[in-house]
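To start, the structure itself, in structure tokens.
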Protein chains: 2
Amino acid sequence: MKIGELSRATGTNIETIRYYERIGLLPAPDRTAANYRSYGDAHRSRLSFVRHSRELGFTIDEIRSLLDLSDDPARDCGEADRIATRHLEQVEEKIAQLTLLRDELTRIVGRCRGGVAADCRVIEALGDHRHCENAH
Amino acid sequence: MKIGELSRATGTNIETIRYYERIGLLPAPDRTAANYRSYGDAHRSRLSFVRHSRELGFTIDEIRSLLDLSDDPARDCGEADRIATRHLEQVEEKIAQLTLLRDELTRIVGRCRGGVAADCRVIEALGDHRHCENAH
DNA sequence: ATGCACCCTGTAGCAACTACAGGGTCAAGC
DNA sequence: GCTTGACCCTGTAGTTGCTACAGGGTGCAT
Ligand SMILES: [Zn+2]
Ligand SMILES: [Zn+2]
Ligand SMILES: [Zn+2]
Ligand SMILES: [Zn+2]
């Protein structure tokens, strides 16, 4: 499989595939006589793992650890679960943060009654956190 | 006011203040004889506006537009409200996205029963989107 | 032989900072 | 008068996870 096929098979940008190779996330594949990268099924499923994990929000470093684990099938899976659990907690924290933000923005946006910038309550609220009702 | 005081007064990293000046978000202040930056109240309130807007998630470019508006008090405030409304919509979209993610991660994390990596359902789920129940 | 799709390397750009390195300034204390 | 320490300066490079070229080579069809 050439890089363009792998790209289509996994929905990954070609430049991204080369980037993953450069940072050591994907192993360097064999090359054809013309120096083209030549991939097999193992590459494709590894890349799918990476892309799916990225879509779920894992960082490259977390994915590196997860790949190390799945490369060594006899190891205890506790670490995978710890990584996933910690990531879940971070997502929950981010949701909580954004929810506060949303509430504050809703209040701010709702205050505008039109008119000139000098009197705009939106601009006023942005300039002074004391108009806010919660922390952020 | 020297840069350290401005930093303490607004809770902004010194390097960040210099960065904002470099990208033209804050005007270059006067200098003392020793070439130290010397700030006044106008700088402080402009920086507070910037920091508060950043805490609310606005991008630097959006803040640039908002500052342009508040520099010109006779202008209609419609643009400020459009910027804030659009930002609110983006925050809501992000929350919706993260909520899907959280649900999927909760399911994935809940599947682990311990054991070796070869049998781990977490690693299996990360490798194959077909185990997922929603899009992401 | 010429067009086109595809591949290669290497470098630079994005957002919004943050972290030095390598220097200058200034007031206090001995 | 000399050192110590806190503060300030410029300029550059690093962070994360890509993405976008520039400038070239390869392979196949017309
Ligand atoms: Zn308004
Ligand atoms: Zn606020
Ligand atoms: Zn497990
Ligand atoms: Zn999935």
Side-chain angles (χ1 to χ4, degrees), chain A residues 1-26 28-39 43 46-67 83 86-87 90-91 94 97 101 136, chain B residues 1-26 28-39 43 46-67 83 86-87 90-91 94 97 101 136:
Chain A
M1 203 181 339
K2 282 189 284 180
I3 200 168
E5 295 171 78
L6 181 63
S7 165
R8 281 185 297 276
T10 60
T12 311
N13 197 321
I14 289 180
E15 327 253 41
T16 304
I17 298 173
R18 288 197 281 246
Y19 167 71
Y20 287 161
E21 180 183 330
R22 203 162 58 241
I23 64 171
L25 195 61
L26 297 183
D30 290 343
R31 300 288 182 126
T32 67
N35 198 33
Y36 289 6
R37 287 174 179 80
S38 174
Y39 297 97
H43 290 101
R46 197 178 179 88
L47 179 54
S48 296
F49 185 100
V50 170
R51 288 312 299 165
H52 193 221
S53 302
R54 285 291 302 130
E55 280 161 17
L56 288 164
F58 289 93
T59 66
I60 300 273
D61 266 2
E62 287 167 339
I63 295 170
R64 230 184 269 277
S65 305
L66 291 166
L67 282 170
I83 291 172
R86 197 192 36 189
H87 179 51
Q90 283 165 2
V91 169
K94 187 85 195 169
Q97 229 179 68
L101 223 65
H136 45 144
Chain B
M1 204 181 337
K2 281 189 285 180
I3 199 167
E5 294 170 78
L6 181 63
S7 163
R8 281 186 296 276
T10 60
T12 312
N13 197 322
I14 288 180
E15 327 253 42
T16 304
I17 298 174
R18 288 198 280 246
Y19 167 70
Y20 286 161
E21 180 183 329
R22 204 162 56 242
I23 64 171
L25 196 60
L26 296 182
D30 289 345
R31 300 290 181 123
T32 67
N35 198 32
Y36 288 7
R37 288 173 179 81
S38 175
Y39 296 98
H43 290 101
R46 198 178 178 88
L47 179 53
S48 296
F49 185 100
V50 169
R51 288 312 301 164
H52 194 221
S53 302
R54 284 292 302 129
E55 280 161 17
L56 289 164
F58 290 92
T59 66
I60 300 272
D61 266 2
E62 287 167 339
I63 295 170
R64 230 184 268 277
S65 306
L66 291 166
L67 282 170
I83 292 172
R86 196 189 39 188
H87 179 51
Q90 282 166 2
V91 169
K94 188 83 196 172
Q97 229 179 68
L101 223 66
H136 44 143

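Numbered from 1 within each chain, the chains take letters A, B, ... in sequence-line order.
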| Sugar-phosphate, base or nothing in reach of B:Ile14, heavy atoms under 4.0 Å |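 The answer is sugar-phosphate, as B:Ile14 gets under 4.0 Å only of primed atoms, P, OP1 or OP2.
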| task | Would you mind classifying the nucleic acid contact of A:Arg64 as base, sugar-phosphate or nothing, using non-hydrogen atoms under 4.0 angstrom? | result |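 No contact.
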[N] [atom2] sits how many Å from [X] [atom1], rounded?
X: A:Arg8; N: C:dC6; atom1: CZ; atom2: C1'; value: 9 Å
X: A:Tyr39; N: C:dC6; atom1: OH; atom2: C1'; value: 14 Å
X: B:Asn35; N: D:dG11; atom1: CG; atom2: P; value: 11 Å
X: A:Ile17; N: C:dC8; atom1: CD1; atom2: P; value: 10 Å
X: B:Tyr19; N: D:dA13; atom1: OH; atom2: P; value: 17 Å
X: B:Ile3; N: C:dC26; atom1: CD1; atom2: C1'; value: 17 Å
X: A:Glu21; N: D:dG17; atom1: CD; atom2: P; value: 19 Å
X: A:Arg54; N: D:dT16; atom1: CZ; atom2: P; value: 11 Å

| request: Please step through side chain to side chain contact (heavy atoms under 4.5 Å, CB included) for the pair B:Tyr19 and B:Leu25, ending with a clear verdict. | output: CA-CA 9 Å; B:Tyr19 167 70; B:Leu25 196 60; over 6 Å; no
| Check: B:Arg37 and B:Leu6 side chains under 4.5 Å, non-hydrogen atoms |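 A side-chain contact under 4.5 Å is absent here.
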| field | Options C:dC8, C:dC7, D:dC21, nucleotide nearest the side-chain atoms of A:Glu15 | value |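 The closest nucleotide is D:dC21.
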| So which nucleotide from D:dT10, C:dA16, C:dT9 ends up closest to the side chain of A:Arg37? |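 In terms of side-chain proximity for A:Arg37, the closest of D:dT10, C:dA16, C:dT9 is C:dT9.
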| task | Give, for atom CZ of B:Arg46 and atom CG of B:Leu67, the distance between the pair rounded to the nearest 0.5 Å. | result |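 B:Arg46 CZ to B:Leu67 CG: 4.5 Å, rounded to 0.5 Å.
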| field | Pair B:Arg18 + B:Glu15: basic N to acidic O under 4.0 Å | value |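 So B:Arg18 pairs with B:Glu15 through a salt bridge.
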Tell me whether the side-chain N or O atoms of [X] pair up with the base of [N] as donor and acceptor below 3.5 Å, since no angle test is needed here.
X: A:Tyr20; N: D:dG17; result: no
X: B:Tyr36; N: C:dG24; result: yes
X: A:Glu5; N: C:dC6; result: no

OP1 or OP2 of [N] less than 4.0 angstrom from a side-chain nitrogen or oxygen of [X], does that happen here?
X: B:Thr16; N: C:dT18; result: yes
X: A:Arg18; N: C:dC8; result: yes
X: B:Arg31; N: C:dG24; result: no

| message | Between B:Thr59 and B:Ala34, which residue's closest nucleotide on DNA chain C lies nearer the 5′ terminus? | response |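 The residue mapped nearer the 5' terminus is B:Thr59.
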| task | Look at the rings of B:His87 and B:Phe58 and say which category their plane angle falls in: under 30° parallel, 30 to 60° tilted, over 60° perpendicular. | result |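 The rings of B:His87 and B:Phe58 sit tilted, inter-plane angle from 30° to 60°.
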| query | Between A:Thr32 and A:Arg22, which has a closest nucleotide on DNA chain D that is more 5'? | reply |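 Here A:Arg22 is the residue nearer the 5' end.
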